[in-house]
Number of protein chains: 2
Amino acid sequence: MRLSKKERQQQLLKAVEIEPFLTDEEMARRYHVSIQTIRLDRMELGIPELRGRIKDMAEKNFDHVRSLYPEEVIGEVTELTLDVGATSFLEIRDEHVFARNGIARGHHLFAQANSLAIAVVDAETALTATASLRFVRPVQLGEKCIAKARVTQKSSRTQVDVNTLVGNELVFQAVFDVYRAKEDE
Amino acid sequence: MRLSKKERQQQLLKAVEIEPFLTDEEMARRYHVSIQTIRLDRMELGIPELRGRIKDMAEKNFDHVRSLYPEEVIGEVTELTLDVGATSFLEIRDEHVFARNGIARGHHLFAQANSLAIAVVDAETALTATASLRFVRPVQLGEKCIAKARVTQKSSRTQVDVNTLVGNELVFQAVFDVYRAKEDE
DNA sequence: ACTAATTTAGTACTAGGTATTAATAGGTGG
DNA sequence: CCACCTATTAATACCTAGTACTAAATTAGT
């Protein structure tokens, strides 16, 4: 059966969202209307053509992958003195939280702190040996986390303390034992 | 000046990799050859046309984002008994390692272990309070990590021990203190 | 100078459209 | 019952970024 214009257009919006690779032809077939009708619909709804949609996705994820991938330190480093201390900034976004409750997943706080601890150690290759963590209070979606790392010991193993704050409030604390790896390995 | 065929083709390969949105026309302009030459080059090199390249990217990242995002547990859960124990599997890929040395970054091992520990606790909302970690040996690109979680204490706080193995070898160890959060909060 | 490789030109055709104009079908109000 | 309106369909010209193919022109190597 044929749907009304309104219904068809609503379905179209959803369809394009979950199946962005639909051609006008395929949509016309699905809703038993002509291809011209579909095109009028797209105009009215402001849905770009297939190629445009595809390009948008490709572009979006092109930067996305770029910024996600070779990022050596999780978060943005705002200050760094090798073997002394460093600071980084991370805003908690959708991708960092549990969907159910909007609370940041522990491993993101850990990742910010750990990668900063590694970065502050002056060695070609620094690796974490042990760590002890305290999640002081849950961090919510939208909160801005400042991680402050300080080197507290420099023997064979380096100890780095990291405190993560939201505003003035301590939300996470970690102590890392980092070692400088040899070349041959 | 005009480059030799070989040089041009090598440059083309690189160009397409870092700028996948180049049209044949633009490439022809850049290398001062005709559009047909570029097309012959693409044939020989097996480089698909612009629209194909764009579509590939869009498709890749379509699943990519899908699989990356709403993944509640990092890694693949192979076994789970609530409040008792669970196992998950994670293969170390490019995106998990330091580019320089191919060693897995600590926070991925942590993420696998921590998310598994959270999953095994039978509560609507479980959060990590404290953790202590030991990175026993560096994990290399391509290695397959099996994380085994066991609940070792069930009072107000739940304690979960996680051992991560590559083959039979212990590579990472963690003890998590998890608490069950109240609804109001 | 001659052959082979390389490059360019040109034509027909394709998908998946845009943009525009015009025709048709189905109801509604007066 | 006719006029009008909305929705739909049709038809045509044009676009981009190509493929596939044939043929000619140029350049390089020996």
Side-chain angles (χ1 to χ4, degrees), chain A residues 1-70, chain B residues 1-69 94:
Chain A
M1 211 219 52
R2 296 268 281 252
L3 301 149
S4 78
K5 189 180 179 181
K6 259 189 193 165
E7 286 177 304
R8 176 167 29 81
Q9 293 197 342
Q10 286 205 315
Q11 297 229 18
L12 264 184
L13 279 172
K14 278 183 217 156
V16 171
E17 187 154 352
I18 60 171
E19 284 179 86
F21 295 86
L22 284 174
T23 62
D24 288 358
E25 202 176 7
E26 172 62 15
M27 295 190 243
R29 214 185 47 66
R30 287 201 190 175
Y31 300 108
H32 309 102
V33 292
S34 74
I35 206 167
Q36 286 83 352
T37 302
I38 294 295
R39 284 171 183 168
L40 279 175
D41 286 344
R42 277 200 300 101
M43 298 280 145
E44 289 179 24
L45 299 170
I47 299 173
E49 63 166 302
L50 170 62
R51 283 160 176 166
R53 298 194 302 270
I54 289 179
K55 196 173 179 191
D56 288 348
M57 296 181 58
E59 273 169 341
K60 198 175 300 170
N61 301 348
F62 191 56
D63 330 335
H64 199 71
V65 169
R66 291 237 149 160
S67 67
L68 194 81
Y69 222 94
Chain B
M1 210 220 53
R2 294 268 283 253
L3 301 148
S4 76
K5 188 179 179 179
K6 259 190 193 166
E7 286 177 304
R8 176 168 28 83
Q9 293 197 343
Q10 285 204 315
Q11 298 229 19
L12 264 185
L13 279 172
K14 277 182 216 157
V16 171
E17 187 153 352
I18 61 173
E19 284 178 87
F21 296 85
L22 285 175
T23 62
D24 288 358
E25 202 175 7
E26 172 61 15
M27 295 190 245
R29 215 186 46 67
R30 285 199 192 178
Y31 300 108
H32 308 102
V33 293
S34 72
I35 205 167
Q36 286 81 355
T37 300
I38 295 294
R39 284 172 182 167
L40 278 175
D41 286 344
R42 276 201 298 100
M43 298 281 145
E44 287 178 26
L45 298 171
I47 300 174
E49 63 166 301
L50 171 62
R51 283 160 177 167
R53 297 195 301 271
I54 289 179
K55 196 174 179 191
D56 287 348
M57 295 180 60
E59 274 170 341
K60 199 175 298 170
N61 301 350
F62 192 55
D63 332 333
H64 200 71
V65 169
R66 293 237 147 159
S67 68
L68 194 80
Y69 222 95
D94 280 340

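Labels below follow one simple rule: chain letters A, B, ... track the order of the sequence lines, proteins then strands, and each chain is numbered from 1. Atoms considered below: every heavy atom in the structure, side chains included; atoms not considered: hydrogens, waters and symmetry mates.
One can place CD1 of Ile38(A) at 14 Å from C1' of dG17(C), the figure rounded to the nearest angstrom. Put simply, CZ on Phe21(B) is 16 Å from C1' on dT16(D), counting in whole angstrom units. Spacing between atom CD of Gln9(B) and atom P of dA5(C) amounts to 15 Å, rounded to whole angstrom units. Rounded to whole Å, atom C1' of dG16(C) lies 11 Å from atom CE of Met27(A). Look at CG on Leu40(A): it is 17 Å from P on dA23(C), rounded to the nearest Å. In this entry the distance linking CZ of Arg8(B) with C1' of dT8(C) reads 12 Å, nearest Å. To the nearest angstrom, P of dT16(D) lies 15 Å from CD of Glu26(B). Distance NZ (Lys5(A)) to P (dG26(C)): 17 Å, rounded to an integer number of Å.
Under 4.0 angstrom from either OP1 or OP2 of dT8(C) there lies at least one side-chain N or O belonging to Ser34(B).
Scanning for side chain to side chain donor-acceptor pair (under 3.5 Å) contacts around Glu44(B) gives Lys5(B), Gln9(B), with sequence neighbours left out. Partners of Arg29(A) by side chain to side chain donor-acceptor pair (under 3.5 Å), not counting sequence neighbours, listed by chain and number: Glu26(A). Residues passing the side-chain contact (heavy atoms from CB on, under 4.5 Å) test with Glu25(B), sequence neighbours excluded: Thr23(B), Ile35(B). By the salt bridge (charged side-chain N to carboxylate O under 4.0 Å, His left out) test, Asp41(A) is found to be paired with Arg8(A), residues two or more places apart in sequence or in another chain being considered.
At least one side-chain heavy atom of Val33(A) sits less than 4.5 Å from a side-chain heavy atom of Ile38(A). Residues Tyr31(B) and Leu12(B) form a side-chain contact, since some pair of their non-hydrogen atoms from C-beta on lies under 4.5 Å apart.
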Restricting to nitrogen or oxygen on both sides, can you table the protein-nucleotides 28-30 of chain D pairs closer than 3.5 Å?
none

So which protein nitrogen or oxygen atoms get under 3.5 Å of nucleotides 17-25 of chain D's nitrogens or oxygens?
{"from": "dA17(D)", "atom 1": "O4'", "to": "Arg51(B)", "atom 2": "NH2", "distance (Å)": "3.2"}
{"from": "dA17(D)", "atom 1": "N3", "to": "Arg51(B)", "atom 2": "NH1", "distance (Å)": "3.0"}
{"from": "dG18(D)", "atom 1": "OP1", "to": "Leu50(B)", "atom 2": "N", "distance (Å)": "2.8"}
{"from": "dG18(D)", "atom 1": "OP2", "to": "Asp24(B)", "atom 2": "N", "distance (Å)": "2.9"}
{"from": "dG18(D)", "atom 1": "O5'", "to": "Asp24(B)", "atom 2": "OD2", "distance (Å)": "3.3"}
{"from": "dT19(D)", "atom 1": "OP1", "to": "Arg42(B)", "atom 2": "NH1", "distance (Å)": "3.2"}
{"from": "dT19(D)", "atom 1": "OP1", "to": "Arg42(B)", "atom 2": "NH2", "distance (Å)": "3.4"}
{"from": "dT19(D)", "atom 1": "OP2", "to": "Arg42(B)", "atom 2": "NH2", "distance (Å)": "2.9"}

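Not a single donor-acceptor pair under 3.5 Å links the side chain of Arg53(A) to the backbone N or O of Ile47(A).
From Phe21(B), atom CZ reaches atom CD of Glu59(A) across 4.5 Å, with rounding to the nearest 0.5 Å.
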Practice item. Would you check, one step at a time, whether the test side-chain contact (heavy atoms from CB on, under 4.5 Å) holds for Leu22(B) with Arg30(B)? Key: CA-CA 10 Å; Leu22(B) 285 175; Arg30(B) 285 199 192 178; 3.5 Å; yes
